[in-house]
Visitor: 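Okay, here's the structure, questions in a sec.
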Number of protein chains: 2
Amino acid sequence: MTASEVQRSSSRTDPSAPLTTGQGFAHGKAPQTRVLRPSAKVLPEHARGHNRSLVLQTLYRDGRRSRADIARQTGLTRVTVSALVADLIADGLVVELGQREETRPGKPATLLDLDRAAFVIVGLDLSEHATFSGALLDLDGAISARAEVQLAGSTGDDAVQKVLALAQQLVELATAPILGIGVGSPGVVDLGGVVLSAPNLGWNGMPLQSILADRFGLPVVVANDANAAILAEHSFGGAESDAMLIKIGHGVGAGLLLGGTPLFGSRFAAGEIGHVVVGTDGGAVCACGKRGCLETWLSIPNLIERLERPENAGDADRDAVLREAGQRLGIALAPVVGALDLGEVILSGPTELLDGPLAKATVETLRQRTMAEFHGSLTLRMTTLGQDIVLRGAAVMVLSGQLGVS
Amino acid sequence: MTASEVQRSSSRTDPSAPLTTGQGFAHGKAPQTRVLRPSAKVLPEHARGHNRSLVLQTLYRDGRRSRADIARQTGLTRVTVSALVADLIADGLVVELGQREETRPGKPATLLDLDRAAFVIVGLDLSEHATFSGALLDLDGAISARAEVQLAGSTGDDAVQKVLALAQQLVELATAPILGIGVGSPGVVDLGGVVLSAPNLGWNGMPLQSILADRFGLPVVVANDANAAILAEHSFGGAESDAMLIKIGHGVGAGLLLGGTPLFGSRFAAGEIGHVVVGTDGGAVCACGKRGCLETWLSIPNLIERLERPENAGDADRDAVLREAGQRLGIALAPVVGALDLGEVILSGPTELLDGPLAKATVETLRQRTMAEFHGSLTLRMTTLGQDIVLRGAAVMVLSGQLGVS
DNA sequence: TATGTTCGTAAGCTTTACTAACAAACATGA
DNA sequence: TCATGTTTGTTAGTAAAGCTTACGAACATA
């Protein structure tokens with residue numbers, strides 16, 4: 001059975017459309033600017049899709065449950081759950097595991113679970129400076145194979161070709177049907193997976209999602225790398241529903257999760273904080289022309305440059321540099337944390353630089369500059385997902401879009 | 001027909017529950033922190049409520065339409081629209097206006113409209129310093145009667161009594177059934193209308209919504225004043241779906257609308273930016289103990305105090321004071337505007353102080369400190385709704401909660 | 001006057017999830 | 001040992017929702 005057969009089994013033809021009506025990442029939220037038609041009509045079959053996702057999500061998160069268990073947990077009846085489960089088994093998404101061992105009165109339950117080996121997801125991370133990396137992930141987000149291509153200075157269509165080659169490698173490695181391809185790209189990406197602007201790659205209005213969908217005939221989701229990262233942190237790293245992830249690398253970007261939903265912004269540029277000016281006391285000149293942009297304080301190349309200066313050779317000097325960077329981050333984040341009432345801020349990037357004086361200074365500055373009574377419980381921590389955070393976020397986007405699960 | 005009969009006609013008993021399943025303000029979004037049951041099951045009747053709201057919304061916004069017009073606009077069939085409209089007419093929400101005058105082939109259409117005089121809304125604004133004000137509003141948000149009570153230093157339960165007295169006055173003034181009571185309160189308000197913290201009124205965990213609902217037996221929505229204001233600006237003032245409203249008065253607060261949905265924050269304290277520290281160069285000591293809080297620069301009492309100093313008597317000096325306040329606001333907002341990719345910032349407060357050098361300096365500072373290429377099209381303007389913005393926002397909350405309309 | 005168009009409604013169908021009822025399979029206690 | 005109670009999953013029938021098809025009414029136009 002192939003992935004496309006799964007789609008056919010629901011008599012669907014559009015490969016990029018979600019299998020269910022779960023709140024898909026790329027398809028769920030319309031790019032509403034000033035909606036004329038406030039919301040769409042709802043048909044009974046939409047409710048069906050929602051409940052299907054609900055069952056799937058229950059199994060995804062808690063696994064090894066009987067139909068009766070699911071019924072109790074979701075509030076649906078056993079009859080309805082049976083019907084939905086039959087659908088899901090027919091689609092190859094759910095399998096019966098046999099009877100429950102546990103000894104208790106009544107007919108023994110037949111345990112179910114997501115067939116976590118039935119599908120794989122292709123995840124791509126385009127956010128590193130010199131390398132495009134990719135992986136095959138299972139439905140739990142575990143990585144079973146890796147691949148990468150060197151960018152070697154490619155931009156524009158050449159860079160697209162590298163993406164296609166990388167995806168091709170991974171598709172060929174797959175030993176199970178592919179549920180979809182998720183891509184975390186730098187820059188500004190709209191809801192249709194068009195990279196509106198990624199200066200380092202020379203992309204302006206590059207329709208990456210369509211290009212990949214046309215090439216592979218699979219569902220594809222393309223989104224900003226930091227947005228992917230915050231989704232990964234939410235699904236796999238235990239992040240709260242109101243959280244912000246700061247991705248510090250060659251540049252500085254952020255992903256925002258508000259009420260469990262990623263924020264895109266009015267021009268899809270939410271989280272682009274690298275060129276916000278920090279403080280009222282000057283700072284270094286930035287590539288963008290302004291003075292004191294967050295990136296001049298915090299990007300890894302800038303940090304390393306300052307750390308390698310002769311006058312910063314000592315441990316105390318090194319700490320001072322990191323502390324100052326952390327303070328600047330705190331100054332920039334304080335208004336955001338205050339205005340959004342965030343519960344959690346997560347840092348992603350090189351641990352050896354971020355997880356120490358820098359993070360400590362950031363959280364201290366945040367506490368000093370916001371209302372302690374409300375934000376005293378603010379958490380700041382490093383990501384627990386390491387370097388694979390974007391890859392795993394890309395998988396979450398596919399899971400969310402195709403199964404309504406996350 | 002009374003308002004409570006409307007509810008009974010749908011065989012509903014809970015007066016605080018919405019008539020429809022529209023995305024209600026107070027009831028729509030669960031206070032999700034880490035949801036165990038991801039989302040609720042969906043029954044066919046929920047779809048019905050949604051479509052009912054859809055029809056209502058179409059009539060609310062565009063008015064004077066036939067059943068066939070609505071069908072074309074919503075995508076529902078004429079048959080379904082007829083059934084929904086029959087429901088709405090039975091509930092007294094919609095009336096037939098007679099046949100369309102316009103001469104064209106075919107059977108003449110019967111025009112429908114919301115019965116905009118059938119209900120009134122009680123709106124209360126508790127955000128002023130010395131006065132609670134209230135109004136009766138029709139479904140279009142127009143004010144037909146006003147009332148107010150002097151606070152006279154009341155706090156705690158005394159202040160609640162003043163709210164009840166004000167509401168009582170307005171309820172007695174009503175000449176049509178009351179759709180509900182909307183309240184804009186200062187401080188932190190949770191989704192159940194409990195005022196968690198409003199220092200000036202001495203409220204801590206005050207269940208204002210329940211108190212009002214118990215007293216009047218009507219649907220009640222209580223929310224933060226700035227949140228109410230941004231909703232008013234969205235519904236009546238033409239604000240975009242990603243916008244922020246800064247309410248400057250005795251304190252400084254903000255309301256955020258992201259993707260058309262108000263933001264509440266992880267502890268319901270979203271928008272509480274008055275005590276965020278601005279800049280890196282000190283500033284006046286604030287009542288909260290910190291230095292350089294936004295309120296020390298921008299609150300009206302602080303502004304007036306500085307303007308009335310002898311050394312600021314000249315026009316140029318006055319402008320300098322206002323300009324500095326505007327710059328400080330811009331410094332605080334820049335990271336927020338950048339991170340959220342806001343399209344629009346709206347100021348609410350005394351026009352004579354805000355709408356001039358202050359607003360000009362704010363927008364200039366914002367442009368200087370964010371990425372021009374993305375935020376060059378950022379708009380900053382005064383509210384068009386004047387002093388009644390919170391009252392009208394309170395009405396929007398009731399409309400949204402009871403009819404799924406806004 | 002005949003024709004075509006549009007509106008609103010009636011009748012019947014499909015889909016959905018519900019309730020009620022039941023057989024199967026187990027534990028438990030008399 | 002056997003009757004009883006419990007739990008599971010399924011079958012059958014019902015209610016609600018929106019759909020398609022069809023039709024009469026009311027109009028404009030050739």
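In what follows, chains carry the letters A, B, and so on, assigned in the order in which the sequence lines appear, proteins first and then strands, with residues in each chain numbered from 1.
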Visitor: Between Asp140(B) and Arg61(B), is the closest basic N to carboxylate O distance under 4.0 Å?
Guide: no

Visitor: Tell me whether the side-chain N/O atoms of Asn51(A) come closer than 4.0 Å to OP1 or OP2 in dT16(C).
Guide: no

Visitor: Mark yes or no for a side-chain to base donor-acceptor pair under 3.5 Å between Arg67(B) and dG8(C), with no hydrogen or angle criteria applied.
Guide: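 No, no donor-acceptor pair under 3.5 Å.
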
Visitor: Looking at dC18(C), I'd like to know if its phosphate oxygens (OP1 or OP2) sit under 4.0 Å from a side-chain N or O belonging to Thr77(A).
Guide: yes

Visitor: Write down the distance between CG (Leu111(A)) and C1' (dT8(D)), rounded to a whole number of angstrom.
Guide: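 Taking CG of Leu111(A) and C1' of dT8(D), I get 12 Å after rounding.
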
Visitor: Do the side-chain N or O atoms of Thr110(A) get closer than 4.0 angstrom to the phosphate oxygens (OP1, OP2) of dG9(D)?
Guide: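 The answer is yes; a side-chain N or O of Thr110(A) sits under 4.0 Å from OP1 or OP2.
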
Visitor: Show me the protein contacts with nucleotides 26-30 of chain D, counting only N or O atoms at under 3.5 Å.
Guide:
residue, atom, partner, partner atom, Å
dA26(D), N3, Lys107(B), N, 3.2
dC27(D), O2, Gly106(B), N, 3.1
dA28(D), OP1, Thr103(B), OG1, 3.1

Visitor: Using a cut-off of strictly less than 4.0 Å, decide whether Arg48(B) has a side-chain nitrogen or oxygen near OP1 or OP2 of dA17(C).
Guide: no

Visitor: Looking at residues 81-88 of chain B, who's got a heavy atom less than 4.0 Å off DNA chain C?
Guide: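 Those residues whose heavy atoms fall under 4.0 Å from DNA chain C, taken from residues 81-88 of chain B in numerical order, are Ser82(B).
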
Visitor: Strictly below 4.0 Å, N to O, side chains only: are Arg67(B) and Glu96(B) in salt-bridge contact?
Guide: yes

Visitor: Would you tell me if any nitrogen or oxygen in the side chain of Lys41(A) comes within less than 4.0 Å of OP1 or OP2 on dA17(D)?
Guide: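 No, because none of the side-chain N or O atoms of Lys41(A) sits under 4.0 Å from OP1 or OP2 of dA17(D).
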
Visitor: Between Arg52(B) and Asp91(B), does at least one N-O distance fall below 4.0 Å, as a salt bridge requires?
Guide: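 Between Asp91(B) and Arg52(B) there is a salt bridge, with a charged N closer than 4.0 Å to a carboxylate O.
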
Visitor: In whole angstrom, what separates Glu45(A)'s CD from dT20(D)'s P?
Guide: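 My rounded result for the distance is 10 Å.
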
Visitor: Can you work out whether Leu43(A) or Ser66(A) has the more 5'-proximal nearest nucleotide on DNA chain D?
Guide: Ser66(A)

Visitor: Who pairs with Pro207(B) by side chain to side chain contact (heavy atoms under 4.5 Å, CB included), at least two apart in sequence or on another chain?
Guide: Val194(B), Ser210(B), Ile211(B)

Visitor: Side-chain N or O of Thr80(A) less than 4.0 angstrom from OP1 or OP2 on dT16(C)?
Guide: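 Checking dT16(C) against Thr80(A), no side-chain N or O comes under 4.0 Å of OP1 or OP2.
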
Visitor: Which pair of non-hydrogen atoms, one from Val42(A) and one from His50(B), has the smallest distance, and what is that distance?
Guide: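 What the structure gives for the nearest pair is CG2-CD2, 3.3 Å.
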
Visitor: Which heavy atom of Glu240(A) sits nearest to which heavy atom of Leu257(A), and what is that distance?
Guide: O-CD2, 3.7 Å

Visitor: Counting heavy atoms from C-beta on, name the nucleotide in dT8(D), dC18(C), dG18(D) closest to the side chain of Asp69(A).
Guide: dT8(D)

Visitor: Val81(A) and Ala71(A): which non-hydrogen atoms are nearest, and at how many Å?
Guide: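 Where Val81(A) meets Ala71(A) most closely, the heavy atoms are CG2-CA, 3.7 Å.
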
Visitor: Stepwise, does the side-chain contact (heavy atoms from CB on, under 4.5 Å) test hold for Leu139(A) with Leu399(A)?
Guide: CA-CA 7 Å; Leu139(A) 299 189; Leu399(A) 281 169; 3.9 Å; yes

Visitor: What's the verdict on salt bridge (Lys or Arg N to Asp or Glu O under 4.0 Å) for Arg100(A) and Asp69(A), showing C-alpha distance, side-chain angles and the deciding distance?
Guide: CA-CA 12 Å; Arg100(A) 174 179 273 147; Asp69(A) 292 332; 2.6 Å; yes

